[in-house]
Enquirer: 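Could you have a look at this structure, given as structure tokens, before my questions?
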Amino acid sequence: QVSISVAASLKDALNEIVGVYAKSHPGATFQKNYAASGALAGQIEQGAPADLFISANVKWMNYLKEKNLVDAPSIRTFAFNDLVFAGATSQKIKSMNDLTRLGKIGIGSPKSVPAGEYAMQAIVKSGLEQALAGKLIMAKDVRESLMYAELGEVDGSVVYRTDALMAKKARILFTVPATLYPEVVYPVALTVAGAKNADAKSFHAWLKGKEATAILKKYGFTVK
Amino acid sequence: MHLTPEDFSAIALSIKIAITATVISLPVGFATAWLMVFSHFRGKVLLEVLINLPLTLPPVVIGYFLLLMLGRNGWIGVFLKSFGIELVFTWKAAVVASAAVGFPLLVRSIRLGMESIDHQLLQASRSLGAPWYDTLATVILPLSLRGMLAGSSLMFARSLGEFGATIIVAGNIPGLTQTIPLAIYDYASSPTGTAMALSLCIVSVALSVSVLFLHEVIGKQLEHGGKA
Amino acid sequence: MHLTPEDFSAIALSIKIAITATVISLPVGFATAWLMVFSHFRGKVLLEVLINLPLTLPPVVIGYFLLLMLGRNGWIGVFLKSFGIELVFTWKAAVVASAAVGFPLLVRSIRLGMESIDHQLLQASRSLGAPWYDTLATVILPLSLRGMLAGSSLMFARSLGEFGATIIVAGNIPGLTQTIPLAIYDYASSPTGTAMALSLCIVSVALSVSVLFLHEVIGKQLEHGGKA
Amino acid sequence: MKLCIDIEKRQGDFSLALNTEFSGERVGLFGASGSGKSTLVHLIAGLIKPDAGEIYLDDTCLFSSRNRIDLSPEKRRIALVFQQATLFPHLGVKSNLLYGYKRCRPAERRIKPEAIIEVLNLGHLVGRGVGKLSGGEKQRVALGRAVLANPRLLVMDEPLSALDDSLRYQIIPYLRSVSAEFGIPCLFISHSLIEMQLMTERVLVVRDGRLASISTPDELARTGMATNPRGYLNLLRLDGATQKDGLFLYPWGESDLIISEGRIGEESLFELSSRDIILFKSHPEAISARNLLECRVAELFDSDGRKGIVLESGGKTLVAEIVRPAAEELGIATGATVFAAIKASAFRRLG
Amino acid sequence: MKLCIDIEKRQGDFSLALNTEFSGERVGLFGASGSGKSTLVHLIAGLIKPDAGEIYLDDTCLFSSRNRIDLSPEKRRIALVFQQATLFPHLGVKSNLLYGYKRCRPAERRIKPEAIIEVLNLGHLVGRGVGKLSGGEKQRVALGRAVLANPRLLVMDEPLSALDDSLRYQIIPYLRSVSAEFGIPCLFISHSLIEMQLMTERVLVVRDGRLASISTPDELARTGMATNPRGYLNLLRLDGATQKDGLFLYPWGESDLIISEGRIGEESLFELSSRDIILFKSHPEAISARNLLECRVAELFDSDGRKGIVLESGGKTLVAEIVRPAAEELGIATGATVFAAIKASAFRRLG
Ligand SMILES: Nc1ncnc2c1ncn2[C@@H]1O[C@H](COP(=O)(O)OP(=O)(O)OP(=O)(O)O)[C@@H](O)[C@H]1O
Ligand SMILES: Nc1ncnc2c1ncn2[C@@H]1O[C@H](COP(=O)(O)OP(=O)(O)OP(=O)(O)O)[C@@H](O)[C@H]1O
Ligand SMILES: [Mg+2]
Ligand SMILES: [Mg+2]
């Protein structure tokens with residue numbers, strides 16, 4: 001049995017990946033736990049059963065690494081993501097500078113949501129910090145941010161491409177240039193307990209493979 | 001314990017929201033409790049269910065419902081917009097969220113108090129020439145004060161802790177809509193913020209404790225008072 | 001309205017957790033209310049603060065506190081581990097979370113009931129030869145039943161809606177610790193799941209409404225009963 | 001007051017059906033517990049609604065199912081005094097007293113607060129909270145509150161039952177004087193024959209939700225003389241007292257009544273039990289009883305094994321009660337002359 | 001019972017300080033409202049704690065601040081009956097009655113439920129809920145419950161005040177017979193002189209938290225004769241009745257008492273007010289009063305303007321009351337012979 005703690009934004013992709021893996025490995029059963037990366041890290045720290053941890057940012061992975069709660073050699077990048085601007089607005093929005101024409105803009109809360117932190121960095125780097133002050137609506141997580149865009153409560157939100165792809169009403173208006181923010185990385189690692197679990201190890205290894213990569217791509221992640 | 005200016009504005013905002021939510025809800029809660037206790041009408045069961053909804057549903061769901069209703073396309077939102085009022089993503093939305101979540105607790109407290117009012121007092125008042133609304137104002141209201149007090153202290157405390165619904169309808173905008181729980185959430189989401197989160201927790205607890213005690217004191221006075 | 005097997009297990013689990021939390025909390029809540037109403041001891045204020053904490057703090061914070069205490073390094077966690085009991089990440093942790101969040105509501109309801117017990121009844125019981133614990137069991141307990149009933153219905157409803165603390169101490173593991181609110185959260189976080197989320201909301205509301213009514217019926221019976 | 005009632009009302013197992021018309025300033029409602037007295041006054045006051053029928057007070061229609069009239073309680077102007085005082089606990093004595101007064105149209109404010117405070121002797125209570133009153137004081141305040149509403153009808157539902165004996169007789173004079181001095185018609189409910197006698201001129205007897213009879217309190221008292229622990233109560237309104245040897249002499253009939261506790265210069269009401277009168281065939285000598293009245297037997301009546309004897313002297317009457325063997329032995333018959341001995345202390349001054 | 005009390009207790013503005021020792025089977029506690037009677041019995045029963053001092057009941061130390069003894073209420077075995085019945089509302093009549101009995105050690109269960117149910121006439125109530133009892137029935141159940149706890153001392157704190165007059169006199173016989181038949185010492189609190197006279201042999205008078213005097217109810221009654229509305233109450237325990245003409249003849253002193261309502265073949269207790277006795281210097285003829293007793297004046301006493309006259313006949317005494325002018329006129333002095341006229345209906349049978 002493999003217990004996996006996975007950042008909530010990977011939920012749909014991971015569900016499919018696990019499904020495919022379980023078919024080819026009939027003996028393996030999974031216990032999936034989806035929540036915010038910080039919550040997951042806290043749970044692992046407090047001894048929650050977890051063999052594999054996929055974080056939505058490097059910060060929480062490092063936190064566990066420092067505490068020797070993950071098997072350091074097993075840490076590697078699982079997937080990459082891009083920031084896009086998505087919205088249901090009818091205005092023509094093609095670049096960061098166009099954002100100043102809009103009313104409200106949704107981003108994740110920069111302090112607690114990695115996507116928000118990246119979005120803020122991109123805004124600062126493009127010199128729009130002043131122009132957009134007061135227009136930014138901070139959401140608890142990316143999904144909430146996207147929901148605002150879907151409902152039209154904001155004109156558009158800076159979200160991950162993977163999330164934007166699932167939207168029904170909001171379209172991707174432009175991709176935020178990669179030069180404006182650090183690379184969005186989803187690191188994966190076996191926990192100390194997971195390193196002793198053969199099933200977990202084989203799943204960890206299998207995640208590198210073609211089938212997993214294909215599914216990730218289908219959901220909009222990039223894999224390098 | 002060190003608090004940043006942002007924290008202070010979160011504290012001030014929390015207090016403002018909790019007080020506003022409580023003050024606004026009190027008359028509505030009183031009226032609702034009165035309906036539940038003293039009148040017989042069709043759909044009473046429905047009202048009961050409606051009032052207790054926010055108790056049962058996860059706050060996030062309540063937040064989502066509120067957003068749907070108050071938002072740009074929601075029917076209340078559209079209605080308010082025609083008066084130039086926008087609620088969503090302002091502190092007023094946080095007030096609405098707090099009010100919705102605390103309302104069942106408030107109504108329950110007021111009801112408990114009202115149910116113990118002697119019906120003969122109401123009959124006496126009516127037969128002395130008071131129309132029903134007069135009786136409501138001069139007998140039921142003063143005799144419900146203790147229940148309203150208890151209910152509003154509960155509601156105030158609950159407001160201070162409200163997170164799930166608030167963050168959805170009000171957003172988490174520092175200085176504008178960021179209340180104590182939202183600030184705590186922000187701090188707690190990064191590995192380095194725990195100490196700050198703790199400080200805010202303590203502030204929050206201190207606040208609600210002082211309200212609880214204030215109300216206990218007023219309650220005692222009400223009991224002993226009985227105007228001369 | 002279509003529910004998946006996973007939804008059914010979430011519903012079953014929610015009921016199980018809500019009932020367990022209520023049943024476990026009742027005696028503790030009764031004892032606490034008794035302490036608050038009938039005894040004078042140092043640190044009563046502290047107890048009052050402690051009980052009301054979960055009301056004021058955002059559930060997420062409560063979840064963290066519980067995780068810290070019940071976890072691998074927490075003092076309760078270590079203690080329980082020595083008996084081979086692990087709470088974190090099991091449905092039992094969800095019970096603890098629900099119990100903590102609902103406890104202030106429970107105690108308040110029981111207290112309101114207890115405070116209205118005539119002290120002369122207790123004096124009569126004592127002078128008729130009943131030691132204090134006998135009086136507690138044969139007079140205070142039966143006369144607190146209504147308050148306990150009201151409190152436990154509140155608590156049950158609150159448990160059904162508990163999200164923030166539960167997701168942290170119990171995790172969000174389908175079939176194991178995923179309760180209705182967590183399932184709703186999962187559904188709601190993908191735009192395709194709103195219909196499913198709504199179905200679960202309705203189930204949740206239906207559940208708590210039936211409990212509220214069940215309790216109202218029992219309460220009426222208690223009132224009219226008074227054993228022959 | 002004139003009340004026309006023709007109503008029906010079901011309440012659980014109990015049904016009330018009354019069709020009657022009566023008038024009078026002080027009417028009593030008498031009947032066993034559960035006979036429907038309180039239900040009836042609640043119907044009249046508009047606090048519960050009849051199933052069908054009509055109620056007229058004087059010329060006003062209070063309720064008519066036919067004409068779909070149902071005046072709300074505050075418009076009926078019928079003030080109630082309940083068994084318990086039901087004062088508003090959050091208001092002081094003064095605010096309680098003025099509650100109805102303030103809600104009364106200025107044109108209809110015939111009775112002024114000062115007058116009532118005077119009559120009910122509430123002056124020293126006005127500044128207090130209602131929690132600090134004794135039972136009797138509470139009931140007096142409740143009465144004052146009801147009267148100050150300047151009602152068209154004052155309904156008193158066992159206003160004295162919750163009080164102990166001494167308080168009861170302290171309050172009765174207040175009740176009387178309120179009704180008399182301010183001319184408010186009263187409907188008075190009680191289980192007590194004595195209270196009925198003291199308070200009313202005419203009594204409706206109710207049994208099982210039906211009108212059993214309309215009677216006078218005197219008739220009721222005569223019928224109940226033997227079973228009542230204090231017999232038949234004679235009520236004497238006396239005036240013109242003179243004082244002698246610390247006792248009071250009141251002219252009555254052809255002689256004087258000597259009474260322990262009286263008042264000079266004002267009319268007083270005394271009560272005298274039929275059992276406190278001892279009859280002699282001939283004049284006895286040297287007796288401790290201060291009163292020895294020569295009377296004529298005006299009438300005899302029976303009550304459950306006892307003889308009621310109506311004594312007459314100068315147009316005034318008193319009812320005495322003796323056991324049947326005594327009646328035979330004394331050979332008492334209508335028209336006979338007897339001597340009635342009454343102790344000076346047997347008279348109780350009511351007010 | 002023997003009680004040694006030496007205690008101090010402050011309660012807000014009020015302070016209680018008592019140092020006394022008394023014994024007796026039926027002891028009364030008399031005093032104005034607020035004088036500390038209830039406080040005292042709460043201290044004795046262990047429901048509140050003295051600031052300092054000692055309490056001994058018979059040979060048991062209930063409280064001693066010196067020896068740090070403070071027996072808990074359930075160990076003191078002192079049962080209380082309060083002004084309000086305080087029945088457990090969640091229990092039926094039967095469970096209420098047996099509450100203390102079940103908690104009593106089997107060895108100490110001298111009084112059986114059947115006996116109490118019989119004496120207090122509770123048979124028909126046993127199956128009921130307590131909400132469905134009248135005030136008097138409730139108080140009887142409360143009394144039965146207290147007695148069935150087989151207490152060493154039964155404390156009754158104004159057990160009759162909340163009841164109306166007729167109920168009060170219905171219950172007094174029960175109180176008496178319980179104390180007499182089951183030999184339970186009683187401490188009885190009341191504001192009422194009559195109750196004291198009926199219930200106790202010895203009375204502690206308390207004033208402002210201090211012991212004012214230890215007296216007998218008879219002394220108290222004599223002192224209060226003039227002010228009490230029913231005068232001095234003579235209590236007559238009579239037996240051996242014969243019936244004649246529907247009346248009952250009881251031997252008393254050198255003659256018979258003729259009484260309207262008696263019982264053949266059992267002892268009965270009657271009450272007779274001092275005001276119901278009329279005195280004659282010489283034998284009157286043809287009188288309606290059935291009793292005309294030749295008595296000797298044994299003693300005279302004063303009470304606030306009235307004369308109390310102790311009449312003696314064959315060793316039995318009765319107290320009559322007359323106004324002073326009458327005493328002078330009749331020339332009543334100790335040793336004189338007088339005739340006392342009493343109506344047959346003046347005697348009230350208590351039980
Ligand atoms: N709300 C009610 N529902 C059903 N029955 C009722 C209700 N109120 C009163 N009753 C019944 O109606 C009958 C008459 O009651 P009511 O109070 O009028 O009697 P009452 O003559 O005033 O008696 P009492 O002298 O004891 O006050 C009783 O049998 C009572 O049980
Ligand atoms: N808990 C208390 N705190 C302060 N004062 C009290 C308390 N209980 C009683 N008292 C005061 O103690 C005094 C004695 O009260 P207590 O009840 O013993 O009087 P009592 O003689 O029984 O009067 P009553 O005849 O009216 O029952 C009163 O002045 C009362 O106000
Ligand atoms: Mg009635
Ligand atoms: Mg007392």
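Labels below follow one simple rule: chain letters A, B, ... track the order of the sequence lines, proteins then strands, and each chain is numbered from 1. Hydrogens, waters and symmetry mates are skipped; everything else that's a heavy atom, side chains included, is used. Quantities reported herein were computed from a predicted structural model and do not represent experimental measurements.
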Enquirer: Does NZ in A/K201 sit with more than 12 non-hydrogen atoms of other residues, nucleotides or ligands closer than 6.0 Å?
Expert: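 Count not over threshold, so no.
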Enquirer: Between CD1 of B/I173 and OG of A/S109, what distance do you get to the nearest 0.5 Å?
Expert: 9.5 Å
Enquirer: Under 3.5 Å, is there a donor-acceptor pair between the side chain of B/Y187 and the main chain of A/K111?
Expert: no
Enquirer: Would you indicate whether B/F41, at its atom CZ, is surrounded by more than 12 heavy atoms from other residues, nucleotides or ligands within a distance under 6.0 Å?
Expert: yes
Enquirer: Using non-hydrogen atoms only, which part of A/E144 is less than 4.5 Å away from chain B: side chain, backbone, both, or neither?
Expert: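 Answer is side chain: those atoms of A/E144 sit under 4.5 Å from chain B.
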Enquirer: What pairs meet the side chain to side chain donor-acceptor pair (under 3.5 Å) rule with one or both residues in residues 170-194 of chain A, with sequence neighbours excluded?
Expert: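 The answer is A/N81-A/Y186, A/R161-A/T175, A/E183-A/K224.
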Enquirer: CG of B/N172 to CG of A/D141: how many Å apart, nearest 0.5 Å?
Expert: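 Here the interatomic distance stands at 11.0 Å.
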Enquirer: Would you check if A/M138 and B/T177 make a side-chain contact, meaning some heavy-atom pair closer than 4.5 Å?
Expert: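 No, side chains not in contact.
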Enquirer: Quick check on A/K169: does its NZ atom have over 12 non-hydrogen neighbours (other residues, nucleotides or ligands) under 6.0 Å away?
Expert: no
Enquirer: For residues 83-106 of chain A, which residue pairs pass the ring pair (Phe, Tyr, Trp, His ring centres under 6.0 Å) check, not counting sequence neighbours?
Expert: A/F85-A/F174
Enquirer: Name the region of B/I168, side chain, backbone, both or neither, that has any atom closer than 4.5 Å to a heavy atom of chain A.
Expert: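 The answer is both parts of B/I168.
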Enquirer: For residues 62-71 of chain B, please give each side-chain donor-acceptor pair under 3.5 Å, one per line with the distance, not counting sequence neighbours.
Expert:
none

Enquirer: Do any of residues 72-97 of chain B come closer than 4.5 Å to chain A, heavy atom to heavy atom, and if so which ones, in number order?
Expert: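 Within residues 72-97 of chain B, the residues that come under 4.5 Å of chain A (heavy atoms only) are B/R72, B/N73, B/E86, B/V88, B/F89.
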Enquirer: More than 12 heavy atoms of other residues, nucleotides or ligands under 6.0 Å from NZ of A/K59: yes or no?
Expert: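 Above 12, so yes.
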